[in-house]
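Some notes on the structure that comes next.
Chain naming here is simple, since letters A, B, ... match the order of the sequence lines and numbering starts at 1 in each. What you are looking at is a predicted structure, and each value in this text was computed from that prediction instead of being measured.
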2 protein chains.
Amino acid sequence: MTGQVRTVDGRVAGRRGQATRQKLLDCLSEMFGSSPYRDVKVIDVARKAGTSPATFYQYFPDVEGAVLEIAEEMAKESGELADLASGRSWVGKAAWSASEELVDGFLDFWRRNDALLRVIDLGAAEGDKRFAKIRLKILGSVTSGISDAVKELQAKNRVDKDINAAAVAGALVTMMAGVASQPKAFQAWGVKQAEVRPNLALLVHLGITGKKPAR
Amino acid sequence: MTGQVRTVDGRVAGRRGQATRQKLLDCLSEMFGSSPYRDVKVIDVARKAGTSPATFYQYFPDVEGAVLEIAEEMAKESGELADLASGRSWVGKAAWSASEELVDGFLDFWRRNDALLRVIDLGAAEGDKRFAKIRLKILGSVTSGISDAVKELQAKNRVDKDINAAAVAGALVTMMAGVASQPKAFQAWGVKQAEVRPNLALLVHLGITGKKPAR
DNA sequence: TCGGTAAGCTGACGGCATGACAGGACAAGT
DNA sequence: ACTTGTCCTGTCATGCCGTCAGCTTACCGA
C-alpha cells in the first residue's frame, strides 16, 4: 500500500535508516509525555535518540511532520475502538453492559495515548486538515457505530425519529474524549476517579437509548 | 484586590506602561486566532504592537505568562456562564428551554474565546496547575450550577439517588466544551451546524433530568 | 578483492528567538 | 531650563532552527 519509506530528499531508506527513523519517532513519542508540546525541540529529540538534528531533518520536514507519522500509527490501532459500539445489543440489560464496556474501552484507549491525542486535538481545532483527518479516522469508527445503534433503535420505534443520530453520537464521543483528557478536573470538582466511569456510562446509555438503564 | 501592575524587574507601571502592556496582550490574543499556538513568537507579538521584544520581556516573563494574564481576564467574564444553570427550573417545559439556553450560551461563549480556551485546555491537560486553576474557575460555576440542579431533583425523588451529581455535571460541561472546540468534526460526520445545538440540548436535558424533554 | 554507488550521518553556518542590560527618550512638575 | 522617575530600545551573548556539503558506511556486481 504505502510505497517505500523515503527521506526528505527522496532517497529510499534502508534497514539502518528505518531503524534511526523509528528511534526518532519513539523518542518523540516519549517526549510528549514528559514535556509540554510547545517546548518539544528537535535538538532534544535528536540528543535523546543519540543522533544529530540534521539527521532528524533527513526523515521529517519538521516536528509536526513526525507527529503526523506517529499519529497515523496510532490511528491504525484505533480499530479496536470500532468493536466497542458495533455489533452490540442496545436493548435491556445488554445495553447497560454495552455502555459500560464502551466507556471503559474508550477511556483506556485515550489514557494510553493521551499526550499524542492532545496534540492531535489541538492541531485539528486549529484548523490543520491533516490532524483533523486523523482525528476523524480515530473517532469515526466509534461514532458511526453509535450512530448506527441509534438509527436501529429509531427504526424499531424505540427512539424518537427527530433525533439526529450522528449528532448525538458525535456529542457522546466528544464527551468521552473530553473526560478522558481532563481527569484532574473531576478531582478538583470532588469526584473520585472510580465515580466517573459509571456516571459516564449512564449518560452514554441515556443518549443512545433515551432511557434509564435497567440494571 | 490585585496590587499595582508591576514590571518584571519590580518597578510599578505608570499610565503609559500599562497602555503598552495592554496593547501587547491584545496583540497576543489576536495572534492566537491566526497562528498555531506552537508558532506564536515574542518577536511577532512585539512587531504587531509596534514595539520591541525587549519591551515584552519587561512586562511578562514569557509567552505563557502573558497568556495566563489574558486567561485571568477572560475568567472574570465567565461569570455570565453561571446564570445559565443556576436559578432555573428543571421541571417540565421549563427544563427544555433551560437546556436550550444553557447550550446556546455555553457554545456562544466558547466560540467567542475558542483560541484562548484551546490553549488553556492544553495547558491544564499537560498538568500545569496555573492553567488548571483558571479552567476550573471558568467551568466551575456552570458545573456547580448543573450539579445543584441535579441534587435538587434528587431531593424531590425525581432523579435516582445513586447518581453522582458532580460527575454528571462535569461530564455534560466537558461535552459542551468539546463540541464547541471541534465544530469541524461534526461537519465531517455529516451533521449540519444547526443540528448540533438541539441534539446537544437534548443530551443535557436527559443528563440532568433523566427524562426525555416535554416539548 | 575491489571499486562504484547509494545510503547514512554530521560539522558547520546563517538566521532568528530569547532574555539581560545600560542608557537614551519622554512626560510632568518645579 | 532642569530634575526626576518612568518608559522604551539598541545591543549583546546564548541557543535553537533548518540547510548544505562532504565524509563515512554498507551493499553489490565484476
Under a 4.0 Å threshold between the charged nitrogen and the carboxylate oxygen, would B/D44 count as salt-bridged to B/K48?
no
Length of the CG-C1' vector between B/D39 and D/dG18, whole Å:
14 Å
B/Y59 side chain N/O closer than 4.0 Å to the phosphate oxygens (OP1, OP2) of D/dC8?
yes
Presence of B/S52 side-chain N/O under 4.0 Å of D/dC8 phosphate oxygens OP1/OP2:
no
Are any protein N/O atoms closer than 3.5 Å to N/O atoms in nucleotides 3-5 of chain C? If there are, list each pair with its distance.
none

Does B/D39 come within less than 4.0 Å of A/R38, counting only side-chain N to carboxylate O?
no
Taking only side-chain N and O atoms of A/R15, does any of them lie within less than 4.0 angstrom of OP1 or OP2 on D/dC27?
yes
If only side-chain N and O atoms of B/T20 are considered, is one of them under 4.0 Å from the OP1 or OP2 phosphate oxygen of D/dC7?
no
Could you tell me the separation between the CD atom of B/Q58 and the P atom of C/dA20, rounded to a whole number of Å?
11 Å
Side-chain contact check for B/A54: nearest option of C/dA7, C/dA20, C/dT10 is C/dA20
In short, the helix from C/dT1-D/dA30 to C/dT30-D/dA1 is bent end to end, axes from five pairs each side, to 10°, by 20°
Check this one for me: any side-chain N or O of B/T51 less than 4.0 Å away from OP1 or OP2 of D/dT9?
yes
Under 4.0 Å: is that the gap between some side-chain N or O of A/Y57 and OP1 or OP2 of D/dT19?
no
Starting at CD1 of B/I43 and ending at P of D/dC16, how long is that distance when rounded to a whole Å?
18 Å
Have A/R11 and A/Q58 got a donor and an acceptor in their side chains that come within less than 3.5 Å?
yes
dist B/R47:CZ -> B/C27:SG (nearest 0.5 Å) comes out at 12.5 Å
Going by the angle between their ring planes, with limits at 30° and 60°, are B/W110 and B/F106 parallel, tilted or perpendicular?
parallel
For A/F131, which of A/L68, A/D121, A/L122 qualifies under side chain to side chain contact (heavy atoms under 4.5 Å, CB included)?
A/L68
Rounding to a whole Å, what distance do you find between A/K23:NZ and C/dG8:C1'?
15 Å
Closest listed nucleotide, where the reference is the side chain of B/K41 and the choices are C/dT10, C/dT18, D/dT9
C/dT18
